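Numbering starts at 1 and runs along the sequence shown. What you see is a predicted model; the values in this text were computed from it and never measured.
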Amino acid sequence: MKTNPETKARCVNDGHTSELDVGIPFLKGLYAGKCKTILSRVFGEDDWKYHVDFVVKLNNGQWIPIDWKSTPRDGNEWITLEWRNVNGQSGWLLGESKWIIFQMRDFVFRARRLDLVNFFMEHVNTKLIRSSKQYIRFDDTQYQAYTRDKWDREWDGKPNEDVMARVRVDDILQWNDLKGEKYQCNKYTYDGKRID
């Protein structure tokens with residue numbers, strides 16, 4: 001089964017639109033008065049290899065790399081964490097961004113990338129399940145690492161090499177690590193005001 005080219009193009013366009021129309025205004029609101037500039041769109045290798053969509057340069061000279069994720073199909077409840085991408089390389093969870101920001105249907109959710117890595121390691125069953133040619137059931141992907149390796153990549157006809165898992169947003173927001181310290185993650189309005 002190959003990925004529908006129209007679906008792939010729509011997803012890429014929706015992601016870029018989300019970054020420009022929602023991401024930039026959100027970051028301007030979140031970092032108001034604290035930053036000199038926001039590199040609004042990082043293209044090429046920085047985007048796909050290092051998983052960086054924006055870079056915020058703070059007034060003190062610090063640079064903050066950010067990866068932006070557009071609204072998931074499920075609205076506000078679930079997100080997919082990508083451990084490995086379809087090429088078998090490090091997924092965005094193992095990228096170079098300090099923060100991963102998710103545009104949900106009703107709010108924006110920001111989490112420190114390293115905290116999401118820890119959450120994945122502590123909560124996801126990493127015994128890999130494989131896709132069928134037809135479909136992976138939603139229930140099978142909850143807190144379970146899975147791959148779509150029986151689906152072929154559009155550009156070379158080889159199997160996907162991805163590893164992902166779906167997790168509940170509220171579990172991340174409420175989770176404390178093994179030391180009892182809360183993860184660095186918060187909910188915000190679309191204009192950058194914290195709501196949790």
Any salt bridge (charged side-chain N to carboxylate O under 4.0 Å, His left out) pairs touching residues 26-38, not counting sequence neighbours? none
Report the C-alpha separation of Y190 and V22 in whole Å, then their side-chain angles, then the decisive distance to 0.1 Å, and conclude whether the side chain to side chain contact (heavy atoms under 4.5 Å, CB included) test is met. CA-CA 7 Å; Y190 272 68; V22 181; 3.4 Å; yes
When rounded to the nearest 0.5 angstrom, what is the spacing between CE in M104 and CG in N76? 5.5 Å
What pairs with T80 under side-chain hydrogen bond (donor to acceptor under 3.5 Å, both in side chains), at least two apart in sequence or on another chain? R166
Could you check whether any side-chain N or O of E122 sits under 3.5 Å from a backbone N or O of V117, counting only pairs where one atom can act as donor and the other as acceptor? no
When you compare the side chain of F102 with that of V108, does any pair of heavy atoms fall below 4.5 Å? no
Between R113 and W92, is any pair of side-chain heavy atoms under 4.5 Å apart? no
Could you check F109 against I101 for side chain to side chain contact (heavy atoms under 4.5 Å, CB included), going step by step and ending with a plain yes or no? CA-CA 6 Å; F109 160 54; I101 302 179; over 6 Å; no
Short side-chain to backbone donor-acceptor contact, D67 and S97, under 3.5 Å: no
Between the side chains of D171 and Y143, does any donor sit under 3.5 Å from an acceptor? yes
Identify the two heavy atoms, one from N59 and one from C35, that lie closest to each other, and give their separation to 0.1 Å. OD1-C, 3.3 Å
Sorted by chain and number, sequence neighbours left out, ring-ring contact (aromatic ring centres under 6.0 Å, His included) with W99 holds for none
At their closest point, which heavy atom of Q103 faces which heavy atom of W68, and how far apart are they? CB-CZ2, 3.7 Å
Residues forming a side chain to side chain contact (heavy atoms under 4.5 Å, CB included) with N118, sequence neighbours excluded: D115, Y183
So, do W83 and M164 sit near enough that their side-chain heavy atoms are less than 4.5 Å apart? no
For K187, all residues meeting side chain to side chain contact (heavy atoms under 4.5 Å, CB included), sequence neighbours excluded: F107, L173, I195, D196
Which value, rounded to the nearest 0.5 Å, describes the distance between Y50 atom OH and S90 atom OG? 11.5 Å
Side-chain contact, heavy-atom cut-off 4.5 Å: I100 with L116? yes
Straight-line distance of I172 CD1 to F119 CZ, nearest 0.5 Å: 5.0 Å
Can you tell me how far apart NE2 (H123) and CG (L81) are? Round to the nearest 0.5 Å. 11.5 Å
Between CG on residue L27 and CD1 on residue I38, distance to nearest 0.5 Å: 5.0 Å
Sequence neighbours excluded, which residues qualify as side chain to side chain contact (heavy atoms under 4.5 Å, CB included) partners of Q62? L58, N60, I64, K98
Those residues at least two apart in sequence (or on a different chain) that pass salt bridge (Lys or Arg N to Asp or Glu O under 4.0 Å) with E96 are none
Would you please test E77 and R168 for salt bridge (Lys or Arg N to Asp or Glu O under 4.0 Å) and show each step? CA-CA 6 Å; E77 217 174 324; R168 191 181 298 275; 2.4 Å; yes
Can you list the residues that meet the side chain to side chain contact (heavy atoms under 4.5 Å, CB included) rule with L114, with sequence neighbours excluded? R112
In the structure I gave you, are the side-chain heavy atoms of D53 and I66 within less than 4.5 Å of one another anywhere? no
Inter-residue atom distance F120.CZ - E82.CD, 0.5 Å rounding: 10.5 Å
Any residue meeting side-chain hydrogen bond (donor to acceptor under 3.5 Å, both in side chains) with T189, in chain and number order, not counting sequence neighbours: D191
Please determine, by modelled atom types, if D162 and N85 share a side-chain donor-acceptor pair under 3.5 angstrom. no
Quick check: closest heavy atoms across A145 and V124, and the distance to 0.1 Å? N-CG1, 3.6 Å
Set of ring-ring contact (aromatic ring centres under 6.0 Å, His included) partners for Y31, sequence neighbours left out: none
